[in-house]
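What follows is a single structure, written as structure tokens, with notes after it.
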Protein chains: 2
Amino acid sequence: MKKFVTISDVAKEAGVSINTVSRVLNNKPDVSPETRKKVLEAAKKLGYIKNATASCFRRSVSKTIGVVFEDSSNPFYTEVFKGIEMRARGYGYQVILMNTERDYVNELKAVDTLLEKRVDGIIISPTQFAQEDIEKLLKLNFPFVILGVHFEGLNVDEVYSDDVKGGYLATKHLLEKGRRKILMLNAYMYKSVARMRYEGYLKAHKEFGIEPFEMVEIEEGYESAFNKIMELSNLDYDAIFCFNDVFAIACLKALKALKRNVPEDVAIVGYDDISYASFVQPSLTTVRIDKHIEGMIAFDLLYEKITEQRSSPKQIVLDVELIVREST
Amino acid sequence: MKKFVTISDVAKEAGVSINTVSRVLNNKPDVSPETRKKVLEAAKKLGYIKNATASCFRRSVSKTIGVVFEDSSNPFYTEVFKGIEMRARGYGYQVILMNTERDYVNELKAVDTLLEKRVDGIIISPTQFAQEDIEKLLKLNFPFVILGVHFEGLNVDEVYSDDVKGGYLATKHLLEKGRRKILMLNAYMYKSVARMRYEGYLKAHKEFGIEPFEMVEIEEGYESAFNKIMELSNLDYDAIFCFNDVFAIACLKALKALKRNVPEDVAIVGYDDISYASFVQPSLTTVRIDKHIEGMIAFDLLYEKITEQRSSPKQIVLDVELIVREST
DNA sequence: TTGTATGCGTTATCAT
DNA sequence: ATGATAACGCATACAA
């Protein structure tokens, strides 16, 4: 590795002071056009590359935000990430992505690392297994935004979707289709998202005056859902409301193996509307969340906090929409 | 935002010098147990959080690498990313992910940003539209690894898969199944990957003494593939060899719309073996690349370069495997 | 308009 | 075993 060129090298080459070089490179006023030209030429000639670590250290602004996701390979999060990135790019921010694999210890580490790196802010989708890290951020008065989940009794910036409504719409749709034994394949209930979707499921049943069939909590992931459905092969359901599309796609596969037809024998509703929801056969009825928008709003909230345009927390609840396709 | 605690605050609290604090926090020898205890307690009491920007600036080591991908929402890259992240975590490195959206200008910017941030190294999947950035890295003697593609005549660190073999295996399989009019739905040929897979396609035809049917180049993405198949509805093929699984999944959907059965009327082979390849109906025959391994090897190569355990470039060609499923 | 000098927080060198 | 001090590259207050 060659050593990098510094502004002092550039200054020497251009025959000016480092201050002048700094002013030129940062587009400050009060520099004569000739000097500016001289400096820029010297910088180009020497191949100057700004040292952002020094600059960030000096100004204590990194123009970088951290994103902590529980599973960045889930298409839901990749889409949200794109939304964040798009906005961040627009404001000249870089994004550091950290994956927790739904492990709370990883989550704690990720937050610590980002704090050490002095990112300007953090967007996090917490596991909700515990919340020490969130409280730490709060105590530090560090700019952060919670994405995708809602913490009861914690007054912080949040952007999440109206999951009670989502659960309600999905279940109501199934009930309207005449289904009476709707299995809900849910994520663990310590997550607000799981609780909210379940609440919607119950609400729809109540409205129809029908006794809810059954809800099971499982670990997230395709395998886990597939195995559960195989295991429950004797259960007499006529529909499944899934926590997300990944679960739903696993159900399609498992039901095929069990020789039960979708939607004739079993109707399926997913959640998230990831792109693959429309690619699979039969295509999935699902609850759509606008993932790009969610990411963009998360960044906007964070940006307001970073630039101190706003001090009081704000909770944004995104509307959801039922997308009816072939699986119901 | 509160101001962060510094080692000098900790030193004052513990009644020692900043040097001693630094020594303790970096686990250096020659510190008495009592002093160590005193310092750690002071640090904890004050809520000290290391300033990595200062540390990185001083030591000119960031313990961070940059990853530049052309499309981080493609499951292929998310899986590779996991492999990289896994290894990086093991060595105490953080990863900055940057997306180019297959835009060469974004690629140039991403590389510049990472250089400014003084990451310790870069893993990049270049668009191959041009290669100024690669040559820049080369000239700087900056540690980097190219992932997924091969540059002819450029002696650099690379990890990519044996795509001539992949194209050959896929095509041979279709020919053995009696298909004679195999359409190849390819990516643009300025990409080495597209060229190599096509070469394998030709090789298999030659071996069977059969005239190749037709190859079309299209932009990457689901929509693009779907539209192309709809557009070619009059073309009389009996099989499609797709550049990747995303194309293949689009073909499944398009052929369904065209009322042509898979695999009876048209057999389909994809490439990459992303997880969704086995989730779709019919499940996809595809060429498997071990994506985790590819990511892990990329990191290992980079690590060797960063730590200067190796100076001469190394090209690793990963083996591929044909996975036969229902689509052929 | 331009130059000089200081300090950001840490690590490293060199005394003690 | 511990402390004083310099240095990293840059941005900035202030002087010229």
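Chain letters run A, B, ... following the sequence lines, proteins first and then strands; every chain starts at 1.
B:Pro143 has its side chain out of reach of B:Asp120: every pair of non-hydrogen atoms, C-beta onward, lies at least 4.5 Å apart.
Within 6.0 Å of atom CZ in B:Phe129, 12 or fewer heavy atoms from other residues, nucleotides or ligands are found, so the atom counts as exposed in its surroundings. A:Lys63 NZ: more than 12 foreign heavy atoms inside a 6.0 Å radius.
Listed by chain and number, the residues in a side chain to side chain contact (heavy atoms under 4.5 Å, CB included) with A:Glu13 are A:Ala42, A:Lys45, A:Leu46 (sequence neighbours excluded). Under the side chain to side chain contact (heavy atoms under 4.5 Å, CB included) criterion, B:Asp71 pairs with A:Lys82, B:Ser73, B:Asn74, B:Arg102, not counting sequence neighbours.
Both the sub-6.0 Å distance and the 45° axial angle are satisfied by B:Arg118 relative to the ring of A:Phe4.
Near DNA chain D, meaning a heavy atom under 4.0 Å from it, residues 38-53 of chain B has no residue at all. For the segment residues 25-36 of chain A, residues with any heavy atom less than 4.0 angstrom from an atom of DNA chain C are, sorted by number, A:Asp30, A:Val31, A:Ser32, A:Thr35. Using a 4.0 Å cutoff on non-hydrogen atoms, no part of residues 110-121 of chain A comes near DNA chain C. Taking every heavy atom of residues 12-19 of chain A and every atom of DNA chain D, pairs under 4.0 Å involve A:Ile18, A:Asn19, by number.
When heavy atoms are screened at a 4.0 angstrom cut-off, A:Thr20 is found touching the sugar-phosphate backbone but no base atom. Here B:Thr6 lies in heavy-atom contact (under 4.0 Å) with sugar-phosphate atoms only.
The side-chain hydrogen bond (donor to acceptor under 3.5 Å, both in side chains) with A:Lys191 is formed by just one residue from the set A:His150, A:Glu70, A:Gln128; it is A:Glu70.
Across the interface with DNA chain D, nearest-nucleotide mapping of A:Arg59 and B:Arg23 shows B:Arg23 to be the residue nearer the 5′ end.
One finds the CD1 atom of B:Ile122 at 12.0 Å from the OG1 atom of B:Thr64 (value rounded to the nearest 0.5 Å).
Taking only distance into account, the side chain of B:Arg58 never meets the base of C:dA12 through a donor-acceptor pair shorter than 3.5 Å.
Following rounding to the nearest Å, A:Phe4 (CZ) and D:dG9 (P) show an atom-to-atom distance of 11 Å.
Between B:Tyr93 and B:Phe299, the ring planes lie perpendicular to each other; the angle is over 60°, past the 30° to 60° tilted range.
Ring stacking holds between A:Phe57 and C:dC8, with the centres under 5.5 Å apart and the planes within 30 degrees of each other.
For the pair A:Ser22 (side chain) and A:Ile18 (backbone), a donor-acceptor distance under 3.5 Å is absent.
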